Every structure is written in C-alpha cells, then in structure tokens.
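Worth saying up front: this structure is predicted, and the values here are computed from it rather than measured. A, B, ... follow the sequence lines: proteins, then strands. Residue 1 opens every chain.
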Amino acid sequence: MTWFKKKKLKPAASEKKVVTSKGLWDKCKNCREIIYKKEIEKNFRVCPKCNYHFRITAEERIRIVADTESFREMDADLVSSDPIHFRDSRKYRDRLKEGEKRTGKKDALLCGDARIDGLPVILAVFDFAFMGGSMGSVVGEKIVRGMERALTRKMPFISFASSGGARMQEGIVSLMQMAKTSAAVARLGKAGVPFISVLTDPTFGGVTASFAMLGDVIIAEPRALIGFAGPRVIEQTIREKLPEGFQRAEFLLEHGMVDMIVERRELKNTLAGLVRMFGHEL
Amino acid sequence: MANNYLDFEKPILDLENKIEELNQISTIEGRDVSEELRRLRKKLDQLRKNVYSNLTPWQKTLLARHAQRPNILDYVSLMMEEFYELHGDRTYGDDPAIITGLARLEGSPVAVVGHRKGKNTRENIERNFGMPAPEGYRKALRIMKLAEKFKIPVITFIDTPGAYPGIGAEERGQGEAIARNLYEMSCLKTPVVVVVSGEGGSGGALAIGVGDSILILENAVYSVISPESCSSILWRETSRAEDAARALKMTAQDLKELGVVDRILPEPVGGAHRNYEEMGATLKEALLEVLEDLRRIPPEQLVAKRLERFRKIGAC
Ligand SMILES: [Zn+2]
C-alpha cells in the first residue's frame with residue numbers, strides 16, 4: 001500500500017514568489033536549522049532534521065491527504081453577515097477583508113468532496129491564517145452542510161482542526177455554532193456515518209469543546225498544541241508555570257483524550273485504512 | 001447592607017439613607033416629617049425607575065454577577081418541594097461548582113442541573129467560583145440521562161464565569177466533557193428548559209444550555225467571552241470592558257433579538273436579589289407554562305424541533 005510514492009506535491013501558492021537566495025531556505029521553528037525549502041516540501045512540510053510539523057494552509061493539507069485534483073469545494077462563497085455588527089478598535093468586516101486578502105478565502109474553512117486513495121469522503125479543513133481559524137457562523141454552517149452531505153450520501157466525514165476557538169466578533173452566534181456542529185455529529189452518529197477528527201497545531205476553545213472532540217476516531221499530529229483553555233489563560237489563573245509538554249498531542253494521548261498520533265507522511269494512509277475499517281470500501 | 005450596592009446604584013443608596021435618617025429624626029424628636037418623607041419616597045421611586053430602566057450592558061453584567069443574586073439552590077427552595085441532591089460523575093469525583101438533583105415542581109418530578117457560585121469568599125472557594133471541571137459536566141450529563149430514562153423534564157440554571165481553566169481540568173478533558181454534553185443534550189428525549197439566571201460564560205455555560213425552551217432573566221447576560229477578556233484581546237487593554245460588553249450584544253434583550261433566547265423574565269426593581277420571593281414566583285409561573293407545552297410534544301418530535309432550532313442559528 002504505497003500510494004504515496006511518486007505523488008508530487010505542488011508548491012503552495014505562497015511559495016511561488018520570486019526565488020531569491022533567501023527564499024530558497026527556511027529556518028525550522030523548532031531546531032532552528034536552516035533547511036532547503038524544497039526539502040521541507042518534499043517531506044510534507046515536516047522538518048527533515050527534527051520532525052517538527054510546520055503549520056500548513058488548508059490547500060497544502062488537502063494536497064497532502066486527498067488524491068490529486070480530487071477536491072471539489074462546496075459553499076466557497078459563504079460570507080459572514082456580521083450578525084452583531086461588531087467593531088472593536090476595527091470593524092469586523094475589515095478583519096474579514098484582511099483575512100481574505102491574506103488567504104484568498106472568504107472564511108477560515110474549506111469544505112468539500114474529495115477522494116482518499118480512491119475512497120469518496122467529505123473533507124473540512126481549517127485555515128489558521130484566516131482570523132486564527134476561528135469558528136463563526138460561516139465555519140459552523142460549512143461544517144454542518146458538509147456533515148449533512150455526508151449523511152445523505154453515506155460518505156465518511158473527516159475534519160482537520162486548527163483554530164483558536166469561537167470567533168469573538170460574532171458573539172453569541174459563534175458560541176451557538178458549538179451546539180450546532182455537535183448536534184450535527186450526533187445526527188451522523190445515529191446514522192452510522194463515520195466521522196474522523198484530526199487535531200492539528202493549534203486546536204483550542206470552542207472547536208475543541210465541540211465537534212472536534214467528538215470524532216469516532218480522533219487523531220492528533222505530533223507535538224500539536226491542543227486544549228480547551230489557552231496556556232496563557234491557565235497560567236494567569238493558577239499563577240504557576242505549566243509543566244513541560246502540557247497540552248501537546250503526546251500529553252493528550254497519555255491522558256486518553258486522543259486515539260493516536262499520526263505523522264503527516266502517514267496521515268493519508270491511516271485515514272484510508274480507517275475509512276475502510278468502517279466498511280466504506282470502494 | 002451597603003455592600004449590596006454597585007457603584008451606579010450610589011445615588012439610590014444615598015437617597016435611601018436620607019429617608020432612613022429622616023425617619024429616625026422623626027421618632028427621636030417627634031417632629032412631623034410625613035410630607036417630606038412622601039416627597040423623598042416619590043423621588044426615590046422615580047430615581048430607581050430611571051436607573052434600572054436605563055442600565056448599560058456593562059451595568060447589567062455587574063447585576064448578573066451580583067454576589068447576592070439568587071442561585072440554583074435558592075430557586076429550588078423558592079419554587080420546588082422535596083429536593084434530593086445527587087452527587088458525582090461515577091468516574092472521577094463530585095464537582096461542587098455544579099449542582100444536580102431531583103425535585104418536585106407543583107407536584108411533578110423535575111431534574112435540576114445548574115452552576116453554583118458562592119455568595120461570599122468562603123463559599124466561592126468551596127464552589128470554585130462556579131467554574132466547573134470536566135467531572136461537573138459529566139455529573140450534569142449523568143443526571144440528564146437519568147431524567148431521560150424516567151421521562152422527567154430537565155431544568156438547567158446557567159450562572160458561571162466559564163469552565164475552569166486549570167491543569168487538572170485539561171488533563172481530564174474539559175473540551176471533551178463540554179462537547180459530549182452538547183452532543184447528548186441535542187438529542188435528549190425529554191423536555192429541557194434552560195434558564196439563564198445570571199452570568200452565561202461561554203462554552204462553560206452552553207455545556208448545560210442546549211434545550212427546547214431558553215428563558216433568560218431580565219438582567220442576565222450570555223456571551224462567547226467575558227467583556228474583560230474581550231477587551232484585553234481585541235482592544236489590547238483591560239479598561240475597555242464596558243465597550244466590549246456593548247459590542248458583544250450579550251444582554252437578554254440583544255439575545256432575544258438574535259433569536260437565541262425565547263423569553264425574557266422581568267426581575268424585581270433593582271434586580272433579582274432585591275426580592276427573592278417575587279423572582280421565584282415569576283420564574284415558577286413561566287416554567288409551569290413552558291413545561292405544560294413541552295410535555296405535550298412526543299419525544300421524537302421534541303428532539304427534531306430542538307435540532308432544527310440550533311441548526312438555524314447563524315445559517316448563512
Ligand atoms: Zn527542525
């Protein structure tokens with residue numbers, strides 16, 4: 001089962017910039033080694049020296065787990081209606097525009113049909129670069145629509161979380177997306193449609209405390225930070241330093257909160273294998 | 001009880017003191033001050049009306065957090081008979097920040113589940129300021145499943161700053177515990193009435209907040225984040241909590257407009273803590289009405305309606 005061999009990964013949009021001598025190299029945030037960029041890309045955006053898993057865009061994620069060109073995005077045009085007309089020092093609408101400029105997306109999640117090793121699935125992928133991957137009405141709605149499609153088509157639903165939590169700028173409407181997405185998982189569960197949740201760096205707050213922790217199988221990426229409360233909030237509350245490795249994927253595994261930690265290079269393989277286990281063969 | 005008063009209530013307190021003084025003078029000196037008293041009392045009524053009908057979102061937040069605000073146990077004793085508190089999640093422990101139990105409301109059994117803040121420092125330390133740990137949410141779920149099994153309606157009371165952010169809470173799966181409650185409550189086959197009675201603090205509040213009918217007290221608040229945290233994150237200074245409270249649309253009236261709550265219950269003048277009996281009676285009447293309606297709906301249909309209700313929120 002080596003459907004990974006020879007599958008070429010296209011460089012991400014952000015990497016297509018003019019190649020300067022500086023642009024050819026990247027510094028690993030973990031081991032601080034200077035590494036040839038192409039080498040990182042070939043290695044699924046994982047540091048070849050220390051196995052640090054770089055944060056990746058939703059598009060890169062899809063390229064890594066889905067069969068080439070198999071992803072068909074749904075509901076790409078959903079835009080927040082700014083339900084509470086929010087503004088702090090800036091207007092929420094301006095923050096949305098900035099997120100769009102930065103990521104080319106209208107909100108923090110891509111959802112659509114895809115194939116993994118030929119198996120039809122629905123993928124929902126967060127993009128942390130869009131307002132910290134926060135979940136507001138659009139993210140919640142896309143997830144639920146995706147789950148509803150999975151329900152009617154009896155296709156497995158797979159999510160990749162990377163989020164700071166509920167989106168403050170949509171107030172109570174964001175909070176309610178937690179209930180809305182969790183209720184949709186319940187409907188999948190009752191219908192026997194598999195839901196696999198992949199937690200990537202970082203996953204926090206209202207995303208952890210809703211659909212993301214409700215997968216039939218929960219997978220985490222190595223060293224991903226995952227929790228309910230953010231480490232800074234905890235530190236301020238208990239007035240203590242947090243222990244080494246706190247809220248890392250390995251910590252969650254040790255405490256029984258996730259099923260397994262899977263390296264990015266093995267992710268596609270593992271997802272396909274699990275989907276087959278649940279009876280979704282080709 | 002001067003410590004009962006919030007800053008914006010000071011003019012009321014001053015006037016009350018003046019009336020009290022005048023009363024004493026009249027008893028001691030035997031002077032007739034009835035005319036003066038009548039005038040001041042009228043002024044006091046007017047002042048109260050002015051202050052309490054024009055509360056800002058931040059002032060409501062302070063009222064919602066008032067230390068003397070009635071809590072779940074007060075409501076149980078004000079409205080219900082025969083209360084059996086039930087303890088523990090059968091897995092790890094018993095969380096005093098959440099109260100669960102069985103009681104009778106006008107003779108009919110109900111399951112009650114709610115946050116429990118303290119009214120003073122000692123109680124607050126005991127109850128962890130009403131901030132539950134995962135075992136609190138798991139206890140709540142256990143009692144709700146128990147209620148479903150015996151076809152007993154559930155009444156939940158929301159009053160928490162939020163789920164506790166601590167090392168143990170994370171180790172034992174705070175996120176999973178909240179998520180599991182959302183999942184299970186969404187399809188619980190018994191009526192669930194949610195009462196936002198005080199402070200609705202984010203996911204820690206919602207974890208017992210998925211229901212068929214959501215009532216909120218006039219001065220209660222419910223928000224995705226506290227105004228203080230919102231201020232320090234978005235304005236990058238802690239002093240903008242008042243602005244954040246306004247921007248977050250977290251008052252009962254805002255939430256009704258957004259379709260998140262069904263009904264606002266009036267509080268006694270000055271807030272629920274000024275008249276426990278009146279507040280208890282108002283809430284009891286509303287609960288009886290709501291439960292009568294919900295009891296008529298077959299469980300399957302109840303669940304379908306509940307799912308539909310949450311499905312619609314923020315549908316683009
Ligand atoms: Zn490295």
Side-chain angles (χ1 to χ4, degrees), chain A residues 75 78-81 83-89 136-138 140-141 144 165-180 182-187 189-190 204-206 208-214 226-230 233-234 237-238 240 242-243 246-247 251 255-257, chain B residues 131 134 162-167 169-187 200 202-207 209-210 222-225 229-231 233-236 240 243-244 247-250 254-255 258-261 306-307 309-316:
Chain A
D75 305 313
L78 287 188
V79 184
S80 172
S81 66
I84 64 168
H85 309 293
F86 191 91
R87 73 171 301 160
D88 45 80
S89 48
S137 54
V138 170
E141 180 69 17
V144 173
R167 185 174 294 169
M168 274 177 283
Q169 290 87 348
E170 290 189 22
I172 198 79
V173 176
S174 292
L175 188 71
M176 293 300 148
Q177 302 310 304
M178 293 169 62
K180 178 166 138 182
S182 302
V185 179
R187 288 166 64 202
K190 307 238 178 270
F204 277 91
T208 303
S210 67
F211 75 94
M213 280 308 287
L214 293 170
I226 303 158
F228 172 66
V233 175
I234 298 175
T237 308
I238 65 173
E240 279 173 45
L242 296 171
F246 182 66
Q247 291 183 322
F251 171 94
H255 288 92
M257 294 304 149
Chain B
M131 294 186 283
Y164 184 62
I167 292 178
E170 294 291 319
E171 286 175 339
R172 299 193 294 281
Q174 189 72 284
E176 195 276 343
I178 294 170
R180 186 63 52 195
N181 281 16
L182 303 180
Y183 179 110
E184 294 288 348
M185 287 186 89
S186 73
C187 41
S202 196
L206 181 65
V210 180
Y222 194 2
S223 173
V224 67
I225 187 170
S229 306
C230 183
S231 160
I233 296 170
L234 291 183
W235 277 269
R236 295 176 193 283
R240 303 295 292 272
D243 296 312
L248 284 166
K249 303 278 193 305
M250 59 192 285
D254 292 326
L255 298 164
L258 290 163
V260 171
V261 302
R306 195 185 302 144
L307 286 171
R309 176 208 181 108
F310 283 90
R311 174 66 188 85
K312 279 195 306 206
I313 302 179
C316 309

Check your understanding: Roughly how far apart are B:Gln174 CD and A:Thr208 OG1, rounded to 0.5 Å?
Key ->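 Rounded to the nearest 0.5 Å, the CD-OG1 separation comes out at 11.0 Å.
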Review point. Between atom CD1 of B:Ile313 and atom CE of A:Met178, what is the distance when rounded to the nearest 0.5 Å?
Key: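 B:Ile313 CD1 to A:Met178 CE: 12.5 Å, rounded to 0.5 Å.
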Among [options], who wins on heavy-atom pairs under 4.5 Å with chain A?
options	answer
B:Tyr222, B:Tyr183, B:Tyr164	B:Tyr183
B:Leu206, B:Ile225, B:Val210	B:Leu206
B:Ile167, B:Leu234, B:Ile178, B:Leu182	B:Leu234
B:Gly203, B:Ala247, B:Gly209, B:Gly200	B:Ala247
B:Lys312, B:Arg311, B:Glu176, B:Arg240	B:Arg311
B:Ser186, B:Gly175, B:Ala205	B:Gly175

Review point. Considering only heavy atoms, which portion of A:Arg87 lies under 4.5 Å from any heavy atom of chain B: side chain, backbone, both, or neither?
Key: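 Contact with chain B is through the backbone of A:Arg87 alone.
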Practice item. Answer with side chain, backbone, both or neither: which region of A:Phe204 has an atom nearer than 4.5 Å to a non-hydrogen atom of chain B? Key: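 For A:Phe204, there is no contact with chain B at all, as no heavy atom is under 4.5 Å.
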Practice item. Side chain from CB out, backbone as N, CA, C, O: work out which of these in B:Cys187 comes under 4.5 Å of a heavy atom of chain A, or both, or neither. Key: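 Looking at B:Cys187, just its side chain touches chain A.
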Check your understanding: Given a strict heavy-atom distance threshold of 4.5 Å, which part of B:Arg172 is in contact with chain A: side chain, backbone, both, or neither?
Key ->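 B:Arg172 touches chain A through backbone heavy atoms alone.
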Count the heavy-atom pairs under 4.5 Å between each of [options] and chain B, then report the option with the highest count.
options	result
A:Ser210, A:Gly227, A:Gly136, A:Ser174	A:Ser210
A:Val138, A:Val79, A:Ile84	A:Ile84
A:Ile226, A:Leu242, A:Thr237	A:Thr237
A:Met257, A:Met213, A:His255, A:Gln247	A:His255
A:Val185, A:Leu78, A:Leu214	A:Leu214

Does [X] reach the side chain of [Y], with side-chain heavy atoms less than 4.5 Å apart?
X	Y	value
A:Lys180	A:Glu141	yes
A:Phe86	B:Lys249	no
B:Asp243	B:Ser231	no

Quick one: closest heavy-atom pair of [X] and [Y], and the distance?
X	Y	value
B:Gly259	B:Arg309	O-NH2, 4.3 Å
B:Ala163	A:Phe228	CB-CE2, 3.6 Å
B:Leu248	B:Ser223	CD1-OG, 3.7 Å

**Study point:** Listed partners of A:Asp75 passing salt bridge (Lys or Arg N to Asp or Glu O under 4.0 Å), at least two apart
**Key:**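 For A:Asp75, the residues satisfying salt bridge (Lys or Arg N to Asp or Glu O under 4.0 Å) (neighbours in sequence not counted) are A:Arg145.
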Point to revise | Partners passing salt bridge (Lys or Arg N to Asp or Glu O under 4.0 Å) against B:Glu170 (at least two apart in sequence or in another chain) | key: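 Checked B:Glu170 against salt bridge (Lys or Arg N to Asp or Glu O under 4.0 Å); zero matches.
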